[in-house]
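Only heavy atoms go into these numbers, but all of them, side chains included; no hydrogens, no water, no symmetry mates. Throughout, protein chains are lettered first and strands after them, A, B, ... in sequence-line order, and every chain is numbered starting at 1. Predicted model, so just to flag it, every value in this text is computed and none were measured.
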Amino acid sequence: MPKVIFVALGGARRTIDAAVGDSVMATAVRNGVPGIVGECGGNLSCATCHVYVHEDFLPLVGSPADLEDDMLDLAVSDRRPTSRLACQITVTEALEGLTVECPEAQP
Amino acid sequence: MNGGALIVGAGQAGIQVAASMRDYGYDGPITLVGAEAQPPYQRPPLSKEFLAGTADLASLHLRTPGFYAERGIDVVTADRIVRLQLSPAGPPGAGTALTERGRRLVFDRLALTVGARPRRLPLPGADLDGVCYLRVLDDATRLRAHLARARDVVVIGGGFIGLEAAAVARSHGRNVTVVEAGERLISRSVAPVISEFYRQAHARRGVDIRLGATVAAIVGEQGRVTGVRLTDALLPADLVVVGVGVVPRTELAEQLGLECDGGIVVDEFARTSEPAVVAAGDCTVLPNPLTGQGRLRLESMPNAVGQARVAAATLVGKPRPYTDVPWFWSDQYDLKLQIAGVTDGYDQIVVRGDPGTEKFAVRYYRQGRLLAVNAVNSAPDYLAVRKTLASPVPAAG
Ligand SMILES: Cc1cc2nc3c(=O)[nH]c(=O)nc-3n(C[C@H](O)[C@H](O)[C@H](O)COP(=O)(O)OP(=O)(O)OC[C@H]3O[C@@H](n4cnc5c(N)ncnc54)[C@H](O)[C@@H]3O)c2cc1C
Ligand code: FES
């Protein structure tokens with residue numbers, strides 16, 4: 001099981017054993033990681049799963065598709081080049097150690 | 001269990017009441033009792049990814065077992081509360097409960113999150129093998145198995161769930177007919193232009209849509225369904241999906257003498273007519289969160305979650321009103337419909353974009369004021385309206 005590391009606003013880290021095939025959002029919500037809401041269950045309708053992907057993992061994770069890009073543009077308060085919606089990132093073995101940071105606020 | 005919070009119904013709303021009570025600092029015992037055998041799971045994928053076979057059971061679970069353990073939430077599955085009593089002498093909201101299996105529970109706070117049951121068809125043949133409803137995981141599992149073998153699928157009811165099931169069946173190459181009694185699809189929720197768009201979109205993909213059609217009987221041989229008899233036609237069918245709406249569960253609320261009106265009546269703090277008892281989710285009727293007026297049913301996951309948070313706040317003594325912008329989505333084929341706001345009482349609509357391109361949005365207004373949007377493959381329109389509706393409206397003159 002690859003590990004995914006969630007970094008809270010204050011810097012607190014939480015490491016979770018994630019299941020391959022789950023989204024990063026579902027991994028966070030099911031384990032009660034604060035700061036990721038995932039209100040629409042991964043449906044690209046809420047943007048409450050906004051995270052900043054650690055730069056080392058950006059090339060592996062890739063960039064957002066069109067609809068996600070629109071959501072990030074319009075719905076999140078502080079979009080950065082590392083912004084992604086966690087429900088659109090699928091956990092794979094290659095992402096072992098994936099580190100994402102939670103934003104100050106979810107919409 | 002002795003004292004503490006009892007939450008009846010372990011669906012989306014029930015689990016959220018429990019989780020939020022902990023978030024808001026409640027440290028007493030929490031017991032969540034659910035009649036279904038499975039730990040709490042999400043329903044929306046049942047007519048979408050799960051039915052299509054692209055999501056499995058594990059992906060539906062709302063929380064891990066560890067989550068409940070860590071937060072001291074006692075989840076009881078496969079048992080049902082059959083009797084509730086408030087103690088006349090005790091503090092408001094305290095009482096006792098009895099489960100079907102004979103467990104007796106004592107509580108000092110109570111939340112009803114019992115959801116709704118699918119409306120049954122009072123028709124001859126409705127209990128034949130191959131006639132499926134779609135509300136719980138067991139329904140979806142059975143439907144998925146039938147769909148794998150089916151050739152001719154008839155969907156009774158042109159609402160969201162029926163249309164989503166039709167889209168999955170058609171995408172699997174089945175012959176699909178949708179039978180709707182009304183003159184248009186999804187008539188309860190959207191303007192005629194959206195209804196007509198979905199009629200055409202399904203027709204373009206090969207679904208036979210029959211509007212204004214009355215089902216006389218479901219027919220079968222040797223206990224298995226073989227067709228659906230309309231007043232003027234016989235449709236062959238080896239699978240029938242019934243999606244004709246839901247009925248909120250009010251029996252327990254009625255036992256407690258709570259006011260019910262097509263659902264358990266709650267105010268903007270999720271309080272029932274006995275203010276110490278809260279209710280949230282599909283079992284409730286509530287004031288419009290944007291205006292505070294009227295009585296609505298909002299059968300949606302975001303409402304179950306949002307209202308449950310408000311109910312939890314009330315139970316822990318930190319009440320705040322429910323003002324979330326209602327929103328909803330529906331996935332059919334490659335069409336994503338996103339809805340924000342409440343369309344009730346609209347007097348004008350504005351269509352932006354061309355429905356023919358399968359990418360457009362409809363805005364609803366009343367006396368010039370924006371009420372709601374329906375956006376098809378147009379997330380920016382949906383988001384813009386959702387934002388506008390979320391900002392407080394300046395008080396009228
Ligand atoms: C197929 C399908 C697709 C959907 N798609 C969408 C969608 O795309 N978007 C959206 O927003 N919404 C969708 N919905 C609606 C959404 O799932 C519901 O609004 C939401 O699940 C309501 O949650 P709830 O907790 O209020 O009720 P429920 O989910 O009905 O949960 C209530 C639970 O309480 C249990 N219960 C009842 N009585 C008792 C008792 N006496 N004792 C113990 N347990 C009891 C029931 O067994 C049930 O498990 C869909 C629903 C279905 C069925
Ligand atoms: S969970 Fe809603 S957009 Fe990701």
Side-chain angles (χ1 to χ4, degrees), chain A residues 1 3-4 6 8 14-50 64-77 79 83 85-92 102 105-107, chain B residues 12 15-16 18-19 22-23 39-46 48-49 54-56 58-71 73 300-306 309 324-325 327-331 334 336-340 359 375 377-387 390:
Chain A
M1 284 187 142
K3 294 197 183 342
V4 178
F6 295 91
R14 185 144 168 219
T15 304
I16 304 229
D17 290 318
V20 167
D22 272 359
S23 74
V24 171
M25 179 281 291
T27 305
V29 170
R30 270 191 229 135
N31 288 284
V33 173
I36 297 181
V37 182
E39 200 172 59
C40 74
N43 208 267
L44 267 183
S45 290
C46 71
T48 63
C49 61
H50 177 209
D66 287 355
L67 185 52
E68 183 185 342
D69 202 44
D70 285 341
M71 297 289 292
L72 285 167
D73 259 348
L74 287 154
V76 313
S77 41
R79 180 172 186 176
S83 285
L85 294 179
C87 66
Q88 303 304 307
I89 306 174
T90 305
V91 175
T92 60
C102 303
Q106 296 289 0
Chain B
Q12 191 89 49
I15 171 65
Q16 192 64 48
R22 285 287 182 249
D23 289 347
Y41 60 87
Q42 322 175 40
R43 295 197 197 292
L46 297 183
K48 308 179 183 74
E49 301 89 340
T54 54
D56 60 3
S59 71
L60 299 183
H61 288 140
L62 285 166
R63 302 288 190 281
T64 57
F67 175 92
Y68 302 111
E70 262 168 43
R71 283 174 180 65
I73 298 168
S300 74
M301 190 183 97
N303 176 62
V305 171
R309 288 198 189 112
D324 294 5
V325 178
W327 64 277
F328 186 78
W329 75 93
S330 174
D331 292 336
D334 52 350
K336 180 186 287 294
L337 172 67
Q338 294 169 303
I339 297 181
K359 192 173 156 79
N377 291 345
S378 308
D381 281 271
Y382 155 76
L383 285 167
V385 173
R386 202 179 150 186
K387 258 193 184 163

Visitor: Would you mind checking chain A against chain B for donor-acceptor pairs under 3.5 Å and listing them?
Guide:
{"residue": "R30(A)", "atom": "O", "partner": "T64(B)", "partner atom": "N", "Å": "2.9"}
{"residue": "R30(A)", "atom": "O", "partner": "T64(B)", "partner atom": "OG1", "Å": "3.1"}
{"residue": "R30(A)", "atom": "NE", "partner": "H61(B)", "partner atom": "O", "Å": "2.9"}
{"residue": "R30(A)", "atom": "NH2", "partner": "S59(B)", "partner atom": "O", "Å": "3.2"}
{"residue": "G32(A)", "atom": "O", "partner": "R71(B)", "partner atom": "NH2", "Å": "3.3"}
{"residue": "N43(A)", "atom": "O", "partner": "K336(B)", "partner atom": "NZ", "Å": "2.8"}
{"residue": "N43(A)", "atom": "OD1", "partner": "W329(B)", "partner atom": "NE1", "Å": "3.2"}
{"residue": "N43(A)", "atom": "OD1", "partner": "K336(B)", "partner atom": "NZ", "Å": "2.6"}
{"residue": "N43(A)", "atom": "ND2", "partner": "D331(B)", "partner atom": "OD2", "Å": "3.2"}
{"residue": "L44(A)", "atom": "O", "partner": "Q338(B)", "partner atom": "NE2", "Å": "3.3"}
{"residue": "S45(A)", "atom": "O", "partner": "Y382(B)", "partner atom": "OH", "Å": "2.9"}
{"residue": "S45(A)", "atom": "O", "partner": "R386(B)", "partner atom": "NH1", "Å": "3.4"}
{"residue": "S45(A)", "atom": "OG", "partner": "Q338(B)", "partner atom": "NE2", "Å": "3.0"}
{"residue": "L74(A)", "atom": "O", "partner": "K387(B)", "partner atom": "NZ", "Å": "2.5"}

Visitor: Given that the side chain runs from C-beta out, which part of V37(A) has a heavy atom under 4.5 Å from chain B: side chain, backbone, both or neither?
Guide: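 Just its side chain gets close to chain B.
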Visitor: Please rank G32(A), A47(A), G41(A) by heavy-atom pairs under 4.5 Å with chain B and give me the top one.
Guide: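 Going by pairs under 4.5 Å, I would pick G32(A).
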Visitor: With a 4.5 angstrom heavy-atom cut-off, could you sort out which part of L383(B) is near chain A: side chain, backbone, both or neither?
Guide: side chain
Visitor: Against chain A, label P302(B) side chain, backbone, both or neither, depending on which of its atoms sit under 4.5 Å from a heavy atom there.
Guide: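 Looking at P302(B), nothing touches chain A.
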Visitor: Between A340(B) and chain A, which part of the residue has a heavy atom less than 4.5 Å away: side chain, backbone, both or neither?
Guide: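 Answer is neither: A340(B) stays 4.5 Å or more from chain A.
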